[in-house]
Undergrad: 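What follows is a single structure, and I will ask about it in a moment.
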Amino acid sequence: MAVTGDETEAGSTGEIIGTSSILPLGEAQTSIHSSQKPFEDVSQKREQRLMKNREAARECRRKKKEYVKCLENRVAVLENQNKTLIEELRTMKDIYRHKVE
DNA sequence: ATCATGGATCGTCATTTGCG
DNA sequence: CGCAAATGACGATCCATGAT
């Protein structure tokens, strides 16, 4: 959801720094004549890798959200238990006090 | 209506982790 | 040890909301 439109990839951020270590820039510029294959291969591999990582990131965030929800649930349960126990303790104390008096 | 601000979500890069 | 998957960190974008 969200992120309207530009799923054209590489669209917004990191491209300046990002690609440096991966794209064969020199080759891309110089060897227009010699077989285009290596470049296509490399950039295709890169696309593949980016897509996989994109999906991995989505999944990772989904799991994390779920984990946090679980924790919040657990907190709620424990808080309730705590309340109940405190109430119970107070009752017991009352009973005890009336007995010794 | 316009601007400022903050939160949510995304894609990417760098790093960590776990497995063969 | 090398590789693929998982995750943390960062900056970009979108959207809602309140102030002017």
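Per chain, numbering begins at 1; letters A, B, ... match sequence-line order. For clarity, every value in this text was computed on a predicted model and none was experimentally measured.
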Undergrad: For A:Gln81 and A:Val77: C-alpha separation, side-chain torsions, deciding distance, then whether side chain to side chain contact (heavy atoms under 4.5 Å, CB included) applies.
TA: CA-CA 6 Å; A:Gln81 276 185 12; A:Val77 167; 4.1 Å; yes
Undergrad: Can you tell me how far P of B:dA14 sits from CG of A:Leu50, to the nearest Å?
TA: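 Computing the A:Leu50:CG to B:dA14:P distance gives 11 Å.
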Undergrad: Among A:Arg61, A:Glu55, A:Lys63, which residue meets the side chain to side chain contact (heavy atoms under 4.5 Å, CB included) test with A:Glu59?
TA: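 Per the side chain to side chain contact (heavy atoms under 4.5 Å, CB included) rule, the option paired with A:Glu59 is A:Lys63, out of A:Arg61, A:Glu55, A:Lys63.
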Undergrad: Dump the intermediate steps for salt bridge (Lys or Arg N to Asp or Glu O under 4.0 Å) on A:Lys69 and A:Glu66, then the final yes or no.
TA: CA-CA 5 Å; A:Lys69 225 184 236 174; A:Glu66 198 176 299; over 6 Å; no
Undergrad: What integer distance in Å separates A:Arg62:CZ from B:dA8:C1'?
TA: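 Answer to the nearest Å: 18 Å.
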Undergrad: Can you tell me how far the CZ atom of A:Arg90 sits from the CD1 atom of A:Ile86, to the nearest 0.5 Å?
TA: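 These two atoms lie 8.5 Å from each other.
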Undergrad: Report, as a single string ordered 5' to 3', how protein heavy atoms within less than 4.0 Å touch nucleotides 2-8 of chain C: B base, S sugar-phosphate only, - not at all.
TA: ---S-BS
Undergrad: To the nearest 0.5 Å, what is the distance between CG (A:Leu85) and CE (A:Met92)?
TA: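 If we round to the nearest 0.5 Å, A:Leu85:CG and A:Met92:CE are 10.5 Å apart.
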Undergrad: Please report, rounded to the nearest Å, how far the C1' atom of B:dC10 is from the CZ atom of A:Arg58.
TA: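 The answer, rounded to whole Å, is 8 Å.
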